[in-house]
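Count residues from 1 along the sequence. Quick note: numbers below take in every heavy atom, side chains included, and nothing from hydrogens, waters or symmetry partners. Source: prediction; values computed, not measured.
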Amino acid sequence: MKRSGFLCVTALCLEFFCLMSSQPQSKPHQCRLMAGPSALPVLQREGDVMLGGLFSLHDMMLLIPLSSPLPRRFNFRTFRWMQTMMFAIEEINRDDHLLPNFTLGYKIYDSCSTPYHALRASVELMGGEGEGEVEGGSCHGLVPVVIGDGGSTQSLVVARFLGVFRVPQVSYFSSCACLSNKAEFPAFLRTMPSDFFQVDALVQLVQHFSWKWVGVVAGDDAYGRGGAQIFSEKVQKLGACVALHEIIPKNHAEGAMASIVARIRSSGAGVVLVFALEQDAGALFDEALRQGLTGVQWLASEAWSTASVLSTPPRFLPILQGSMGFAIRRAVHIPGLQEFLLRLHPSGSDASKDPFLRPFWEEVFRCSLQGDGGGDSQRGKPLCSGSEDLGSVRNIYSDVSQLRISYNVYKAVYAIAHALHAMRSCETGRGPFSLHACPNTDSVQPWQLLHYLKQVEFSNSFGDETKFDVNGDPVAVYDLVNWQLEADGQVKFVTVGRFDETTSLGRKKLYIQKTDIIWNGNQTTVPLSVCSSSCPPGTRRAIRPHLPICCFDCVVCTAGEISNQTDATECVRCLPEFWSNEECTACIPKLVDFLSYSDTMGIALLSVALLGSFCTATVVLIFACHHATPIVRANNSELSFLMLFSLTLCFLCSLTFIGRPSEWSCMLRHTAFGITFVLCISCVLGKTIVVLMAFRATLPASNVMKWFGPPQQRAFISLCTLVQVVICAVWLAVSPPSPRRLMTRESACVILLCDEGSTLGFCLVLGYIGLLASLCLLLAFLARKLPDNFNEAKFITFSMLIFCAVWISFIPAYVSSPGKYSTATEVFAILGSSFGLLTCLFLPKCYIILLKPEKNNRKHLMAKSEVQSGSLNGHLTISSKHNIIPFVSYSRGIVGMNTNISSSQWE
């Protein structure tokens with residue numbers, strides 16, 4: 001559109017200058033005004049200074065191939081704007097203070113809503129009334145300033161053309177942000193705020209109501225495309241997304257309009273901004289009605305936010321009721337304007353000079369004025385009676401309740417008047433031009449008037465200030481209007497908020513009275529417009545592939561992570577000592593986990609330990625009650641009771657592994673475990689050595705057994721235990737076990753356990769126990785072929801096999817078990833090995849004592865055995881016919897190969 005406008009300007013300018021250069025060369029310095037190819041209808045009134053005016057009195061152009069576009073509908077709203085310009089000029093002419101002894105005139109053209117007609121009218125304004133020489137050779141038209149045009153597309157073309165001649169142009173309705181470019185449009189000013197501010201207001205409105213999925217439909221012109229593009233860019237910077245971006249074609253093709261409405265429906269957008277002129281917006285809403293599109297909250301740009309052509313027809317009310325948009329600040333009341341509007345009548349004195357009155361009157365009253373043409377009957381309109389009165393008709397033209405754009409026209413005229421007043425008030429020698437010259441007020445030059453227009457700053461009778469910034473834009477103040485349906489079925493534009501660009505820093509520019517808003521569908525709750533619903537705290541947004549950022553899924557935060565805000569983009573990991581709650585909205589201290597007495601596992605292990613202690617105590621009681629019986633005496637009762645005592649300690653030391661770890665419990669559990677087990681294994685090892693040496697001492701009168709008597713056994717056990725005591729003491733002195741908090745990010749618990757301190761110390765304790773157990777197993781294995789009546793080695797072998805199997809399997813289980821389960825594994829190993837020793841070494845004896853008492857006597861133990869002598873590798877071979885509990889301890893050696901054991905050897 002911009003390019004086509006530029007080409008139009010270029011073509012007309014070339015034609016203009018070519019015609020000038022084609023004049024006779026005898027007067028090279030003479031400038032001649034050229035008449036256009038065909039005169040356009042013009043409404044004018046003479047004055048000292050003529051103000052040009054461009055108004056789109058006709059719209060909805062019907063394009064006929066190979067011909068110029070023809071007007072189709074008369075625009076009452078624009079006609080009111082034109083009348084407001086005339087009213088303001090007459091009001092100024094009556095004012096004796098603003099421009100005394102000076103009158104303003106006007107020359108007004110219909111731009112017909114097209115750049116083509118707007119440019120033709122501009123050429124007419126610059127060319128004068130007809131062809132001829134200009135007095136004084138000054139090559140400028142009779143109009144030093146132009147008010148208009150309304151549409152941004154038309155103003156773009158006109159501004160380029162007028163800018164060549166530095167003729168100021170003051171627009172009342174062109175809001176395209178592109179017109180603020182002073183390098184391209186140096187002579188353009190406006191009383192209409194730039195779309196840049198309107199878009200800023202719309203973006204803040206979207207942000208205020210948390211709309212994240214907004215559709216945009218724009219008109220195919222500079223106003224629609226420019227505004228929609230700025231809106232899309234700004235709204236995306238705030239985190240919202242554009243659901244669709246469609247362009248309404250100027251020909252309103254049925255297929256294109258149907259496609260736009262279908263896209264709106266399929267997008268799921270609950271809020272759609274229509275940034276277009278009222279004609280384009282009307283075409284869109286017609287198609288929306290045809291397809292039955294409802295439930296959309298429409299946002300209006302200021303071009304149609306108060307357009308009566310859309311609010312008046314009842315057919316639009318079902319979909320537009322509740323619409324909202326920003327409108328230019330409304331004038332409360334302009335005194336005398338309505339009377340001026342209603343004065344018109346075809347029989348008036350000036351009616352013949354107004355070429356626009358006839359089409360207006362015929363359109364209002366749907367009748368035909370009698371004229372020279374014979375087309376009245378063809379149009380099918382009855383002749384006007386002459387009794388028609390504008391005061392009896394209620395329409396857009398006579399409605400002065402929403403004076404917004406009309407107020408802009410009013411301010412534009414007064415801005416020019418104040419600029420002329422400043423020019424006339426210039427003091428000689430203090431002018432703004434070179435050599436401090438003042439302007440010539442008898443012949444107003446456009447470039448001089450442009451200078452004063454840029455400096456204009458005044459307050460009108462309503463208290464509103466008018467001034468232009470460096471871009472020629474006014475102060476941006478908008479009313480937020482809401483389309484509400486009254487009881488009589490009429491739409492009322494209710495002001496529910498305000499946007500003031502001049503608001504001081506730190507204060508909100510947008511103010512909204514939410515309670516006064518009625519939304520689409522007569523709802524009072526804010527409509528929701530999102531691609532995806534907000535993610536609650538405890539979740540995060542996961543963007544869907546190939547879709548805008550507003551389309552996402554809500555993913556629950558993983559354990560150990562939280563999000564405490566809505567629509568969090570990521571979850572935050574808790575500190576190591578904290579864990580997320582069930583909702584993943586807050587970090588709470590982790591639960592301290594250890595093998596406690598209240599756990600099922602802790603209770604089970606405690607029960608087993610107490611059961612083992614009870615069983616051991618029971619065996620002690622049985623042995624104590626039968627201490628004089630042969631089975632007890634034959635097994636060295638002293639070592640048996642010492643073993644039972646150590647086994648009791650083994651069962652009880654497992655209790656130190658259960659409960660909250662502390663400094664003393666961590667040191668006690670490992671040292672008590674190491675010492676008690678060494679004491680137990682030392683007793684077993686002592687018994688094994690005695691059995692083995694007793695049957696190896698085969699020579700008569702051998703003194704070997706004197707070295708394995710009870711004192712030596714006690715010393716041996718004490719020495720073995722002392723070594724473990726020394727290891728534990730050094731361990732505790734150098735690097736003792738201590739409580740440690742194991743905090744892993746993947747666990748919801750803080751695992752409280754005992755750290756071994758010195759790994760070497762822990763390995764030495766276990767290694768020493770393993771060494772004694774292995775030695776005991778080896779010796780018991782060597783004694784496996786001794787006579788059954790005296791051989792306890794096989795039971796020791798079984799017990800050591802169980803012991804070693806338990807502790808060998810303990811190592812990988814302990815390393816791989818997490819947290820408190822490693823402690824439970826160690827307790828299980830202690831209890832398992834303890835039960836293995838208790839069962840293998842003492843259960844057979846208890847069986848004989850309690851269930852086979854007939855075998856617990858000296859005679860049975862001394863039963864006849866066949867003793868065969870021989871020298872088989874220097875060893876004694878004894879065969880037995882009886883299965884008797886093995887004999888373990890001796891106080892004297894075996895004195896012969898073929899002898900009976902005396903009674904003294906049972907002691």
Under the salt bridge (charged side-chain N to carboxylate O under 4.0 Å, His left out) criterion, do Glu362 and Arg358 qualify, and how do the steps go? CA-CA 6 Å; Glu362 291 180 346; Arg358 178 172 178 169; 3.2 Å; yes
Is the Tyr414 ring parallel, tilted or perpendicular to the His418 ring (thresholds 30°, 60°)? tilted
Return the orientation label for the Trp361 and Phe365 ring planes: parallel under 30°, perpendicular over 60°, tilted otherwise. tilted
Whether the [X] and [Y] side chains hold a donor-acceptor pair (N or O, under 3.5 Å, no angle test) is what I'd like checked.
{"X": "Asp473", "Y": "Ser180", "answer": "yes"}
{"X": "Glu90", "Y": "Asn93", "answer": "no"}
{"X": "Asn482", "Y": "Gln484", "answer": "yes"}
{"X": "Asp389", "Y": "Ser392", "answer": "no"}
{"X": "Asn460", "Y": "Tyr410", "answer": "no"}
{"X": "Ser113", "Y": "Gln154", "answer": "no"}
{"X": "Ser406", "Y": "Tyr172", "answer": "no"}
{"X": "Asp110", "Y": "His58", "answer": "yes"}

Atom pair [atom1]/[atom2] of [X] and [Y] - distance to nearest 0.5 Å:
{"X": "Thr294", "Y": "Ile319", "atom1": "OG1", "atom2": "CD1", "result": "9.5 Å"}
{"X": "Lys250", "Y": "Gln279", "atom1": "NZ", "atom2": "CD", "result": "7.0 Å"}
{"X": "Asp48", "Y": "Asn101", "atom1": "CG", "atom2": "CG", "result": "9.5 Å"}

Go through the steps for Tyr223 and Thr153 under the test side-chain contact (heavy atoms from CB on, under 4.5 Å), then give the verdict. CA-CA 7 Å; Tyr223 169 75; Thr153 304; 5.5 Å; no
Taking the six-membered ring for Trp and the full ring for Phe, Tyr or His, determine whether the centres of [X] and [Y] are under 6.0 Å apart.
{"X": "Tyr109", "Y": "Phe356", "value": "no"}
{"X": "Phe285", "Y": "Trp304", "value": "yes"}
{"X": "Phe231", "Y": "Phe275", "value": "no"}

Can you tell if the side chain of [X] reaches within under 4.5 Å of the side chain of [Y], non-hydrogen atoms only?
{"X": "Asp95", "Y": "Glu91", "result": "no"}
{"X": "Val491", "Y": "Phe493", "result": "yes"}
{"X": "Asn395", "Y": "Val364", "result": "yes"}
{"X": "Leu104", "Y": "Leu99", "result": "yes"}
{"X": "Phe188", "Y": "Val158", "result": "no"}
{"X": "Ile405", "Y": "Ile328", "result": "yes"}
{"X": "Gln321", "Y": "Ile518", "result": "yes"}
{"X": "Met192", "Y": "Pro474", "result": "no"}

Do any N or O atoms from the side chain of [X] and from the backbone of [Y] form a donor-acceptor pair under 3.5 angstrom?
{"X": "Asp221", "Y": "Gly224", "result": "yes"}
{"X": "Glu278", "Y": "Ser308", "result": "no"}
{"X": "Ser305", "Y": "Phe326", "result": "yes"}
{"X": "Ser122", "Y": "Ala118", "result": "yes"}
{"X": "Thr114", "Y": "His117", "result": "yes"}
{"X": "Gln402", "Y": "Asp399", "result": "no"}
{"X": "Gln297", "Y": "Asn520", "result": "yes"}
{"X": "Ser152", "Y": "Ser175", "result": "yes"}
{"X": "Ser323", "Y": "Leu320", "result": "yes"}
{"X": "Gln198", "Y": "Pro193", "result": "no"}

Applying side chain to side chain contact (heavy atoms under 4.5 Å, CB included) between [X] and each of [options], report the one that passes.
{"X": "Arg80", "options": "Met82, Gln83, Arg77", "answer": "Arg77"}
{"X": "Tyr397", "options": "Leu390, Thr78, Asn75", "answer": "Leu390"}
{"X": "Val217", "options": "Ile247, Val261, Leu273, Val272", "answer": "Val272"}

More than 12 heavy atoms of other residues, nucleotides or ligands under 6.0 Å from [atom1] of [X]: yes or no?
{"X": "Arg330", "atom1": "CZ", "answer": "yes"}
{"X": "Arg290", "atom1": "CZ", "answer": "yes"}
{"X": "Gln291", "atom1": "CD", "answer": "yes"}

Only one of Phe55, Phe87, Phe173 passes ring-ring contact (aromatic ring centres under 6.0 Å, His included) with Trp81, and that residue is Phe173
Heavy-atom pair with the smallest gap, counting every atom of [X] and [Y]:
{"X": "Leu450", "Y": "Pro168", "answer": "CD1-CB, 3.8 Å"}
{"X": "Asp149", "Y": "Ser174", "answer": "O-OG, 3.0 Å"}
{"X": "Leu51", "Y": "Val143", "answer": "C-CG1, 4.0 Å"}
{"X": "Gly489", "Y": "Leu317", "answer": "O-CD1, 3.4 Å"}
{"X": "Gly386", "Y": "His345", "answer": "O-NE2, 3.4 Å"}
{"X": "Arg329", "Y": "Asp479", "answer": "CA-OD2, 3.7 Å"}

So that I can tick it off, tell me whether Glu124 and Lys107 are bridged by a salt bridge, with the cut-off set at under 4.0 angstrom between side-chain N and carboxylate O. no
Taking NZ, NE, NH1 and NH2 as the nitrogens, is one of them in Arg225 or Asp220 under 4.0 Å from a carboxylate oxygen of the other? yes
Quick one: is the NZ or CZ of Arg343 closer than 6.0 Å to the six-membered ring centre of Phe340, and within 45° of its axis? yes
Got a sec, which residues hit ring pair (Phe, Tyr, Trp, His ring centres under 6.0 Å) with Phe76, two or more places apart in sequence or on another chain? Phe360
For Pro335, enumerate each residue passing the side chain to side chain contact (heavy atoms under 4.5 Å, CB included) test, keeping only those at least two apart in sequence or located in another chain. His333, Phe462
